[in-house]
Enquirer: 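Below: one structure in structure tokens.
Order of appearance sets the numbers: ligands from 1, and atoms from 1 within every ligand. These figures come from a predicted structure and were not determined experimentally.
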Amino acid sequence: MSENKDQKFVYDFTEGNRDLKDLLGGKGANLAEMTNLGLPVPPGFTITTEACKVYLDSGEAPADLREEVSAHLAALEAKMGKKLGQSDDPLLVSVRSGAKFSMPGMMDTVLNIGLSDESVAGLATQAGNERFAWDSYRRLIQMFGKTVLDVDGELFEEALDEAKAAKKVTVDTDLDAADLKKLVTRFKKIVAKQAGREFPQDAREQLDLAVEAVFNSWNTDRAKLYRRQERIPSDLGTAVNICSMVFGNLGPDSGTGVAFTRDPATGHAGVYGDYLQNAQGEDVVAGIRNTVPLADLETIDKVSYDQLMTIMTTLENHYKDLCDIEFTIERGQLWMLQTRVGKRTAGAAFRIATQLVDQGLIDEAEALQRVNGAQLAQLMFPRFDESAGGKGGPTLLGRGIAASPGAAVGKAVFDSYTAVKWSRSGEKVILIRRETNPDDLDGMIASEGILTSRGGKTSHAAVVARGMGKTCVCGAEDLEVDTKRRRMTVGGTVVEEGDVVSIDGSTGKVYLGEVPVVPSPVVEYFEGRMHAGADDADELVAAVHRIMAYADRVRRLRVRANADNAEDALRARRFGAQGIGLCRTEHMFLGERRELVERLILADTDDEREEALSALLPLQKKDFVELFEAMDGLPVTVRLLDPPLHEFLPDITELSVRVALAESRKDANENDLRLLQAVHKLHEQNPMLGLRGVRLGLVIPGLFKMQVRAIAEAAAERKNAKGDPRAEIMVPLVGTVQELEIVRDEADTVIAEVEAATGTDLKLTIGTMIELPRAALTAGQIAEAAQFFSFGTNDLTQTVWGFSRDDVEASFFTAYLEKGIFGVSPFETIDRDGVGTLVRSAVEAGRATRPDLKLGVCGEHGGDPESVHFFHEVGLDYVSCSPFRIPVARLEAGRAAAESKGSDSR
Ligand code: ADP
Ligand code: MG
Ligand code: MG
């Protein structure tokens, strides 16, 4: 990194603002923002993330940093009228880390920097409180020892406990100045012994060492792991805040607290927080003494309480959102130490967004930016009914990483073989492993959910489970999984194979026993079983309803469903689908119809083939009639047969065994022998790239014609029944316009015949999938023969990357994610740079040939939030996804539209 000559590495709190999070970190930017709002923030300054980056790159702080810090320190000292560590009246400061995103593993804050054997006396005199001075000093040595000098914190805790025990007291406030003085001596010895150096007596040395320790904490293992899991770039660096101390430990008229500007669970207005008298820093959350609810502060210190309430309103109105805050009261004077836009649950996000609209703080477009599809998806999973606890009920065993959402219950199994065996006999199982590997694939498929004790969000278990849409909790480190003895232990509890466990992939919680599952009220609402307008309507449902209405109002993208039958289609309609973007027809060749398909494949003569096809025709027609009826008035895109034929034939090994056995008994079945021959003939090295899609239609005479006839006749029947069928015929796996032209000519003939015979004008359209690179590259030509394109981004991703999804996800995606080759699987979120570029250019070329070309996407990406934004940007007409993802796609389409209108009200 090149150091810019006049680059500034230190900002006073008065110089920053909340938009400078990249440079000042979240904490520093918000401290500056509060300072500029005129709120009581103890003065201080921030060392930038840029300084940290230089340090991390070169191993040394930037050359000018020391001087810049000195200058800011001098200004601070002038403002406060005392010098850092000054022996008769010391200025004390805290050193606080603060990156752009808050993350675990970063260095804990060190308070009271500037105290020494000498200045502790000065502090005592100034405050008129000797106990306070020695309490502050012992805290400094403890925090500094632990976080800067890496001394085991337990040693200090033990010494503190011994001091309390010796005096027969239970809380730290019962130790007096003399006790604390002794404790300081003890702490200093611990430091000297463990760190191999004396506790530094020079205030500036304390400060410099603490700053350097913050820089170094950027690269602790915990921080690195967290960044990888949360996909936070590893080169952001952290800022360091130096903040003059205020003291909550000066006596009962002092204290420290935390608060939310409204209830983070429901969004309701009210007083939410905790307060602890005569305490400093983390005491309030560390549980060392009992805190009181924030509302009690009103009786303890009415003036500070009222001021705090006013400040909270100021902050909410300013940030236009729920904020959480940290504050301290020093002898009746209130000080603000931190604020940020507060974390909230998915449900609260929706409720708070609508409440802020009602309060006039944000508009509807901004409300859409306050929620997202992932949160909505979370609200749609069935949930564990956690109220169903009690004796004999389920018990919480522990917690892991919420890797793939859902609520799964089943019997514990510790290997894939057992998972498969038990699930075949109808048992529900949860596969529990230390971590999974490709050998576990069958077991994962057979399980309700997967639980591992190791690995993060990009571990094999997590990646594969997400790909399969299976519930997964990973990295539950408290579980000791013993696969050899087929059990796991957690604390004192032993879970044996066969014991029922419940795992929650949305919270990461793991239970022993069966937790009852309750349907999501949000799904009940989408299903139409719960009404948002009703008087007793669930508050969450009402909020979701409103946000969905905003999204539907602004979105440009239409949302369709991938559905193959009337039942799914009806559900999709209830969920808001505006058509079907992909009706696969392969299921119409399965079940009892398999035999007809076998006859079709084995046919030697045209007559035999015709016979099989005409037997299939009425069956398929009936399927289409039902579907068109369910989607009356809305477009239905039907894809002609796509998968390779061998998928409809018996398994090659099974059939070979059957034939071999029959032959050994000398009663070979003629049909089986012919079948086996056909299976051998159709066997492919790489079926994904073999005889499938449009290639089938061109090679097997009559197949596509039969399908087109079934569609046309079904549409005609609906028309004559006064219905409004809107079928669109889609040809899969086209690579060149010639393929499409041939299929199209045949289809046109069939459609004309049906129209003539039924006296109808069907207005059927014919289009193609764009799912091969060649199709995308020649989209301009293909558009001459296609009335619409539907991007098949699953196959397009496979063929652009040369990935066979089923093979690569299970075998090496974990390694790729860990090495950072991509941050998220290209099968989950569209690869903008590669696959996306092809989509974009195909859209342009297609529209250039045929301006009214209809454009959609029917790969799984159609329901992925990030990808929906991309499809909005490139100007598709619709996305199509599984029925359950439709609300997510509607919401994200709305967010994309609102965002691109630049609606941010701030
Ligand atoms: P975290 O990022 O873990 O919240 P903070 O930097 O906010 O760490 O500090 C930890 C605790 O110390 C908090 O309770 C904070 O309010 C308190 N604290 C930090 N700086 C000061 C200060 N200058 N005076 C008094 N208390 C402080
Ligand atoms: Mg804090
Ligand atoms: Mg495909």
Side-chain angles (χ1 to χ4, degrees), residues 13 21 24-32 34-35 39-47 73 76 79-80 82 84 90-115 123 127 132 135-136 139-140 142-144 146-148 206-207 210-211 213-214 217-218 220 222-223 226 238-250 254-260 273-289 291 294 308 311 323-331 333-343:
F13 287 171
K21 291 198 181 71
L24 303 179
K27 201 182 279 171
N30 286 322
L31 280 167
M34 285 200 292
T35 303
L39 302 186
V41 176
F45 53 88
T46 304
I47 300 175
L73 190 57
L76 183 64
K79 193 183 286 180
M80 307 299 287
K82 46 187 165 186
L84 184 71
L91 167 67
L92 304 185
V93 297
S94 62
V95 173
R96 323 165 65 182
S97 64
K100 180 176 184 188
F101 305 103
S102 74
M103 52 180 129
M106 299 293 296
M107 197 186 85
D108 286 339
T109 290
V110 180
L111 303 176
N112 308 332
I113 284 199
L115 277 177
L123 183 67
F132 153 74
D135 181 51
S136 302
R139 286 170 188 267
L140 168 64
Q142 182 168 0
M143 285 184 269
F144 193 92
K146 184 175 157 199
T147 56
V148 181
Q206 292 172 4
L207 179 68
V211 169
V214 172
S217 73
W218 179 256
T220 60
R222 248 182 98 204
Y226 182 84
T238 179
V240 190
N241 302 290
I242 318 283
C243 182
S244 51
M245 284 302 302
V246 291
F247 300 100
N249 55 338
L250 267 166
S254 304
T256 177
V258 292
F260 293 94
D274 300 292
Y275 183 69
L276 188 62
Q277 273 171 285
N278 198 8
Q280 191 175 41
E282 303 278 278
D283 291 359
V284 66
V285 288
I288 58 155
R289 274 179 278 140
T291 58
L294 185 58
L308 183 63
I311 288 176
C323 300
D324 67 24
I325 58 176
E326 293 173 4
F327 66 93
T328 279
I329 297 174
E330 176 181 324
R331 290 190 169 149
Q333 162 75 50
L334 175 67
W335 293 99
M336 301 301 294
L337 291 170
Q338 189 174 331
T339 193
R340 64 189 159 192
V341 167
K343 293 220 166 68

Enquirer: Ignoring hydrogens and geometry, is there a side-chain-to-backbone donor-acceptor pair from T256 to F327 under 3.5 Å?
Expert: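 Checking the backbone N and O of F327 against the side chain of T256, a donor-acceptor pair under 3.5 Å is found.
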
Enquirer: If you define the side chain from C-beta out and look only at heavy atoms, does anything of T328 sit under 4.5 Å from F247?
Expert: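 Not in contact.
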
Enquirer: Considering only protein heavy atoms, which is closest to atom 12 (O) of ligand 1, and at what distance to one decimal place?
Expert: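 Result: G281 CA, 3.5 Å.
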
Enquirer: For ligand 1, note which part of T109 has a heavy atom under 4.0 Å away: side chain, backbone, both or neither.
Expert: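 T109 to ligand 1: side-chain contact only, backbone stays beyond 4.0 Å.
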
Enquirer: Does S244 come within less than 4.0 angstrom of ligand 1, counting non-hydrogen atoms of the residue?
Expert: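 True for this residue.
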
Enquirer: If only atom types and distance count, is the side chain of S244 paired as donor or acceptor with the main-chain N or O of V93 below 3.5 Å?
Expert: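 Side chain of S244 to backbone of V93: no pair is present.
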
Enquirer: Relative to atom 26 (N) of ligand 1, which among L337, N241, D108, V110 owns the nearest non-hydrogen atom?
Expert: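 Nearest option to atom 26 (N) of ligand 1, by heavy atoms: L337.
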
Enquirer: Which is it for S97 and ligand 1 at heavy atoms under 4.0 Å: side chain, backbone, both or neither?
Expert: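 Within the 4.0 Å criterion, S97 makes no contact with ligand 1.
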
Enquirer: Pick one of side chain, backbone, both or neither for how Q280 approaches ligand 1, counting any non-hydrogen atom pair under 4.0 Å.
Expert: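 The answer is neither.
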
Enquirer: For a quick test of reading the model, state the closest non-hydrogen atom pair linking R289 to A279 and the distance between them.
Expert: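 What the structure gives for the nearest pair is NH2-CB, 3.8 Å.
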
Enquirer: Just by modelled atom types, is the L115 backbone N or O under 3.5 Å from a matching donor or acceptor in the Q206 side chain?
Expert: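 Looks like yes, one N/O pair under 3.5 Å.
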
Enquirer: For the residue pair N112 and Q280, confirm or rule out a side-chain donor-acceptor distance under 3.5 Å.
Expert: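 Yes, Q280 and N112 have a side-chain donor paired with an acceptor closer than 3.5 Å.
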
Enquirer: Would you check if the side chain of K27 reaches a backbone N or O of S97 as a donor-acceptor pair within less than 3.5 Å?
Expert: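 Yes, the answer is positive, given that a donor and an acceptor are paired below the 3.5 Å cut-off.
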
Enquirer: So which of Q338, R96, E282, E326 gets nearest to atom 11 (C) of ligand 1, if we judge by its closest heavy atom?
Expert: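 Among Q338, R96, E282, E326, the closest heavy atom to atom 11 (C) of ligand 1 comes from E282.
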
Enquirer: Using a cut-off of 6.0 Å, state whether more than 12 heavy atoms not belonging to K146 lie near its atom NZ.
Expert: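 Result for NZ/K146: open.
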
Enquirer: Show me which atoms of ligand 1 lie under 4.0 Å from any heavy atom of C243.
Expert: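 Checking each atom against C243, I get 23 (N).
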
Enquirer: In terms of residue, atom name and distance, what is the protein heavy atom nearest to atom 20 (N) of ligand 1?
Expert: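 Of every protein heavy atom, S94 OG, 2.9 Å lies nearest to atom 20 (N) of ligand 1.
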
Enquirer: Hey, looking at atom 18 (N) of ligand 1, which of V95, T256, L111 has the closest heavy atom?
Expert: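 Considering heavy atoms of V95, T256, L111, the nearest to atom 18 (N) of ligand 1 sits in L111.
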
Enquirer: Tell me the angle that OE1 of Q338 and OE2 of E326 form around the Mg ion (ligand 2), rounded to 10°.
Expert: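 Angle OE1(Q338)-the Mg ion (ligand 2)-OE2(E326): 110°, rounded to 10°.
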
Enquirer: Give me the nearest non-hydrogen protein atom to atom 2 (O) of ligand 1 as residue plus atom name, then the distance to 0.1 Å.
Expert: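 Heavy-atom neighbour on the protein nearest atom 2 (O) of ligand 1: K27 NZ, 2.7 Å.
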
Enquirer: Identify, for atom 24 (N) of ligand 1, the protein heavy atom at the shortest distance, and state residue, atom and that distance.
Expert: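 Atom 24 (N) of ligand 1 sits closest to the protein heavy atom V246 N, 3.2 Å.
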
Enquirer: What pair of heavy atoms forms the shortest contact from C323 to T339, and how long is it?
Expert: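 What the structure gives for the nearest pair is CB-OG1, 3.7 Å.
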
